[in-house]
Amino acid sequence: QVQLVESGGGLVQAGGSLRLSCAASGRTLNRYVLAWFRQAPGKEREFVAAVRWSTGITSYADSVEGRFTISRDNAEDTLYLQMNNLTPEDTAVYYCAADRAFMVSRVDINYGYWGQGIQVTVSS
């Protein structure tokens with residue numbers, strides 16, 4: 001099993017930045033895709049960004065492309081999401097997820113491991 005623990009959320013003003021972290025443990029991650037999803041109140045969970053751990057290949061949702069950057073620290077088995085130029089529409093609970101797969105998926109049901117989620121609130 002893969003255990004995932006998010007940190008770094010909080011309250012920020014519009015235009016500001018936050019960096020989320022996800023500490024992974026339990027398995028070697030080279031055969032995994034790690035991703036960030038988010039869920040706003042009253043909305044379905046949506047894909048944000050993902051990275052194939054072994055190659056660093058990334059994928060982003062259109063809504064965050066150019067503002068968010070997903071990265072990984074192989075030595076620390078930690079996933080990051082740098083979020084810049086935040087807007088109130090980015091307010092959500094953000095989840096770290098892992099999928100033992102070769103290809104990056106944007107579909108949440110493909111991910112078998114999830115963190116507990118962390119709140120990000122952007123004020124206008």
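Since we're looking at a predicted model, the values are computed, not measured. Here, residue 1 is the first one in the sequence, and each next residue gets the next number.
Across R72 and T55, no two heavy atoms sit closer than the pair NH2-C, 3.9 Å. Here the shortest heavy-atom pairing between I118 and G9 reads CD1-N, 3.2 Å. Nearest approach of D77 to W53, heavy atoms of both residues: CA-CZ2, 3.9 Å. Shown here for V104 and A50, the closest heavy-atom pair between the two residues is CG1-CB, 3.5 Å.
F47 and V51 fall into different hydrophobic clusters, where Ile, Leu, Val, Met, Phe, Trp and Tyr are joined by side-chain heavy atoms under 4.5 Å apart, directly or via other members. Taken together through direct or relayed side-chain contacts under 4.5 Å among Ile, Leu, Val, Met, Phe, Trp and Tyr, V93 and L86 form parts of separate hydrophobic clusters. By the rule that hydrophobic residues join a cluster once side-chain heavy atoms approach within less than 4.5 Å of another member, V33 and Y113 end up as members of separate clusters.
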Begin from the C-alpha positions of V48 and Y60 and carry the test side-chain contact (heavy atoms from CB on, under 4.5 Å) through to its verdict. CA-CA 6 Å; V48 175; Y60 293 92; over 6 Å; no
Give the C-alpha distance, both sets of side-chain angles, the deciding distance and a yes or no for side-chain contact (heavy atoms from CB on, under 4.5 Å) between F68 and Q82. CA-CA 5 Å; F68 291 11; Q82 177 67 43; over 6 Å; no
After noting the C-alpha distance and the side-chain angles of Y95 and Q116, does the key distance pass the side-chain contact (heavy atoms from CB on, under 4.5 Å) rule? CA-CA 7 Å; Y95 296 90; Q116 80 284 359; over 6 Å; no
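For the residue pair N110/S105, the side-chain donor-acceptor check at 3.5 Å is satisfied. Side chains of R106 and S59: a donor on one and an acceptor on the other come within 3.5 Å.
Y80 contributes atom OH, which lies 12.5 Å from atom CD1 of I70 (distance to the nearest 0.5 angstrom). Taking CG of L79 as the reference point, atom CG of L4 lies at 8.5 Å (rounded to 0.5 Å). Note: M103 CE to I57 CD1 = 8.5 Å, rounded to the nearest 0.5 Å.
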Per-pair distances, 0.1 Å, donor-acceptor, side chain in residues 11-21, under 3.5 Å, sequence neighbours excluded:
from: S17; atom 1: OG; to: N84; atom 2: OD1; distance (Å): 2.9

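By the ring-ring contact (aromatic ring centres under 6.0 Å, His included) test, Y32 pairs with no residue at all, sequence neighbours left out. Every salt bridge (charged side-chain N to carboxylate O under 4.0 Å, His left out) that R67 has, sequence neighbours left out, goes to D90. For A40, the side-chain contact (heavy atoms from CB on, under 4.5 Å) test picks out K43, A92, with sequence neighbours left out.
Sorted by first and then second residue, the salt bridge (Lys or Arg N to Asp or Glu O under 4.0 Å) pairs with a member in residues 45-56 read R38-E46, R45-D108; sequence neighbours excluded. Listed by first then second residue, pairs satisfying disulfide (SG to SG under 2.5 Å) with a partner in residues 95-124 read C22-C96, not counting sequence neighbours.
Residues M83 and Y94 are in side-chain contact: their nearest non-hydrogen atoms beyond the backbone lie under 4.5 Å apart. Residues T91 and V120 fail the side-chain proximity criterion, which asks for heavy atoms closer than 4.5 Å.
Remark: the backbone N or O of N30 is not paired with any side-chain donor or acceptor of T28 at under 3.5 angstrom.
Under the 6.0 Å cut-off for aromatic ring centres, F37 and W114 qualify, their centroids lying closer than that.
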